[in-house]
Undergrad: 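Quick one: this structure, given as C-alpha cells, is what I'll be asking you about.
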Amino acid sequence: MVLKEALDSESNSESISLRIPLCDLVHRGYEITIGSSNLNSVGLIISRFNSCSRIVILTDSNVQRYGYSSVVESSLVNAGFDVHVEIIEAGERSKSIESAIKLWSNFLSLGIDRSSILVSVGGGVVGDLGGFIAATYARGIRFFQIPTTLLAQVDSSVGGKVGIDLPQAKNMVGCFYQPLGVLIDSASLKTLPDIEYICGLGEVAKYAVSLDTELFNVLEKNAEKIKLRDSELLKYIVKRCCEIKSQIVSEDEFEKTGKRILLNYGHTFAHSLEIVSDFKLFHGLAVAIGSIYAARLAERMGMVDKEFVERQIKLYKSIGLPAELPEELLVTINYDEIINLMTHDKKSESGNLRFVLPTQVGQCRVVKDIDPKIIKQVLCENN
Ligand code: NAD
Ligand code: GLY
C-alpha cells in the first residue's frame, strides 16, 4: 500500500496531508494533516464532510486550560456548526465506564444523533475514550481526532484502536473504529510537561529502532534539537511516525496477520513493568526500558550483536530516555511476577510468550515460545 502525500493548499501552507488507505476498505482511508498553529483550520476541514450540523468537542481539564479546545471551538462555530463542549478530568482514570455512561447520557440529552460528529481534542485518554463513545453511541457516530500530546500524535490518534480501561486491566474494552481524519498541531507540544514529552519520545524511539533506519539516523544526529523541541524537527518526526504506523495499519487493520503486532517493540516487557510498579512507571518510560530489555533478549538469542544494544542505549540516553529501571523499582522487583504477567498479557498467544525483537536497526520480527528462563536471565543480568 503506498501513501499518497500532497501539500494541503487550503489550510496552513506548512500542512502535510497523508491519505491512508486501509486494507481493502479503501473508502475508509483518511487524511492526517500535520502543521504548526493550524488548529483554526478544523472548521474548514470538517466542512468537507457532508451533512453535519452538531459537533461535540471532547477535551480534558488541562487541554481546556491551555486554550486548545477554545481555538477548535471558535473555528467550528465560525464555520457554521452548532458546537457543544464536554470536559473530562485529565488523567487515565477518566478512561472508564463511568465517564462513558456520563457522556452517552449527555449526548442523549443534547439530541446528538448519527449526523453529529465527535471531535476529540487532547492526549491518548481523550482520543481513546472519544473514539469509544463515537463507536458505541447510537451504534456509531463519526469522530475526528486532534491529538495534543507527542504520544497521541505519533501513535494513539492513528489506526483506530479505541476503548476504555477496566479497573483490573488497561484498554480491555474497546474496538477498532477509524476516525474521519486527524489534525496535528506540532506547536501544541510546547506546553507539554517534560515527563509527557519524554513518554512520547519512548514511542518515537520504538519506531526508529524497530521499523525505520532513516528515523533512527535522524534521532541520533539531532539529540539536542529533540531536547529543545525544535518545531521543524518535531513535524518531521511526527510525520514519519504517522507514515510508518499508517502503512502497517493499512496492511493489518484488525491485528490479524501478524503485521500490526510489529508496532509493539518493547511492549511485552513494558506492560508488566507498568503493572508491577502499580502504574507509577509511565507507559512511554516503560516502553523505553522494555525496548532495551528486548534488545538484550535479541542479543542473547543471537539476533543482534552487542554493538546494536550499545547504540540503542546511547541514543536513548542522548534524548533523555531511561535505559534502565529506576532505583526504587529495582529494589522491590519480583522477576517471577513479571514473567507471569507477560504470559497473561493480552498480546500473548494462549499463554505463550511472544516478543517483537530487532534483527538490525530499523527491522524486527515476532519471536514466539521463548523459554521463560532466558527472559528471567535477561531481566536479572542487567540489574
Ligand atoms: P493523556 O491523554 O493522559 O495526556 C497526558 C497529560 O498531558 C494529561 O494530563 C493531559 O491533560 C496533558 N496534555 C495533553 N495535551 C497537552 C498539551 N498540549 N499541553 C499540556 N498538557 C497536555 O496521555 P497520553 O500519553 O497522551 O496517552 C496515553 C493513553 O493513550 C493511554 O490511555 C494509552 O492506553 C493510550 N494509547 C492508545 C493507543 C492507541 O493505539 N489507541 C496507543 C498508545 C497509547
Ligand atoms: N499502539 C499499537 C497499535 O495501535 O496497534
Side-chain angles (χ1 to χ4, degrees), residues 37 39 58-69 71-72 87-96 99 120-132 135 145-166 169-179 182 184-204 206-207 210-211 229 234 241-242 244-256 258-267 270-271 274 279 282-287 346-347 356:
S37 304
L39 293 185
L58 178 68
T59 193
D60 77 22
S61 44
N62 290 338
V63 178
Q64 192 238 2
R65 195 153 40 82
Y66 283 108
Y68 299 117
S69 50
V71 178
V72 170
I87 303 163
I88 56 165
E89 201 183 315
E92 187 71 30
R93 276 175 197 277
S94 289
K95 226 173 91 175
S96 63
S99 303
S120 287
V121 185
V125 165
V126 166
D128 282 13
L129 174 66
F132 179 70
Q145 292 262 34
I146 304 188
T148 60
T149 63
L150 182 58
L151 183 140
Q153 295 185 355
V154 299
D155 191 353
S156 64
S157 65
V158 176
K161 278 190 183 174
V162 299
I164 54 173
D165 300 332
L166 288 181
K170 274 180 70 178
N171 295 322
M172 213 52 219
V173 178
C175 54
F176 294 91
Y177 196 68
Q178 302 296 341
V182 184
I184 296 178
D185 173 11
S186 67
S188 66
L189 300 178
K190 289 200 182 100
T191 55
L192 261 191
D194 286 346
I195 183 70
E196 302 297 346
Y197 181 66
I198 303 270
C199 281
L201 287 179
E203 298 287 356
V204 170
K206 165 202 84 174
Y207 285 111
S210 61
L211 294 161
R229 305 190 191 187
L234 281 174
C241 293
C242 287
I244 298 165
K245 182 154 185 185
S246 309
Q247 182 66 43
I248 288 186
V249 171
S250 73
E251 290 173 32
D252 182 18
E253 184 182 4
F254 301 111
E255 214 162 69
K256 288 241 161 73
K259 189 82 193 187
R260 188 163 182 163
I261 203 87
L262 296 180
L263 291 166
N264 289 312
Y265 180 50
H267 281 61
H271 288 154
E274 283 180 88
F279 293 96
F282 285 36
H283 178 71
L285 305 186
V287 168
K346 201 161 71 235
K347 289 196 168 59
V356 177

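Whatever order the structure lists them in is the order used to number ligands and atoms, beginning at 1. This is a predicted model, so every value here is computed, not measured. If you read the sequence from its start, that first residue is 1, and numbering goes on from there.
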Undergrad: Touching ligand 2 at all, E255? Heavy atoms, strictly under 4.0 Å?
TA: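 Within the 4.0 Å threshold, so yes.
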
Undergrad: Any atom of ligand 2 sitting under 4.0 Å from a heavy atom of E203?
TA: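 E203: no contact with ligand 2 (<4.0 Å).
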
Undergrad: Is there a nitrogen or oxygen of N264 sitting under 3.5 Å from a nitrogen or oxygen of ligand 2?
TA: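 The answer is no, given that N264 and ligand 2 share no N or O pair closer than 3.5 Å.
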
Undergrad: At less than 4.0 angstrom from any non-hydrogen atom of D155, what atoms of ligand 2 do you find?
TA: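 Near D155, the atoms of ligand 2 are 1 (N).
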
Undergrad: Output all residues satisfying salt bridge (Lys or Arg N to Asp or Glu O under 4.0 Å) with D128, sequence neighbours left out; order by chain, then residue number.
TA: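 Checked D128 against salt bridge (Lys or Arg N to Asp or Glu O under 4.0 Å); matches are K95.
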
Undergrad: Is a side-chain donor or acceptor of S61 paired with a backbone partner of A90 at a separation under 3.5 angstrom?
TA: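 Yes; at least one donor-acceptor contact below 3.5 Å.
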
Undergrad: Which word best sums up how the rings of F176 and F254 line up, parallel for under 30°, tilted for 30 to 60°, or perpendicular for over 60°?
TA: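 Perpendicular.
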
Undergrad: Could you give the distance from CG (L211) to OH (Y265), rounded to the nearest 0.5 Å?
TA: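 Atom-to-atom, L211:CG and Y265:OH are 10.5 Å apart.
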
Undergrad: Show me which atoms of ligand 2 lie under 4.0 Å from any heavy atom of L263.
TA: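 Going through ligand 2 atom by atom, the ones under 4.0 Å from L263 are 3 (C), 5 (O).
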
Undergrad: If you measure only the distance, is there a donor-acceptor pair under 3.5 Å linking the side chains of Y66 and T148?
TA: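 There is no such pair (donor and acceptor under 3.5 Å, judged by atom type) between the side chains of Y66 and T148.
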
Undergrad: What does the 4.0 Å heavy-atom contact list look like for ligand 1?
TA: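 Its neighbours under 4.0 Å (heavy atoms only) are D60, N62, V63, Y66, Y68, A90, E92, K95, G123, G124, V125, D128, T148, T149, L151, D155, S156, K161, K170, N171, S188, T191, L192, P193, E196, K245, given by chain and number.
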
Undergrad: CZ of F282: more than 12 outside heavy atoms within 6.0 angstrom?
TA: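 No - once you tally the heavy atoms of other residues, nucleotides and ligands closer than 6.0 Å, there are 12 at most.
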
Undergrad: Main chain of I248, side chain of R260: is a donor-acceptor contact present, judged purely on distance under 3.5 Å?
TA: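 Pair absent, no side-chain N/O of R260 close to backbone of I248.
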
Undergrad: Can a salt bridge be assigned to the pair K190 and D185 using a cut-off of 4.0 Å between side-chain N and carboxylate O?
TA: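 Between D185 and K190 there is no salt bridge, as every charged N stays at least 4.0 Å from the carboxylate O atoms.
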
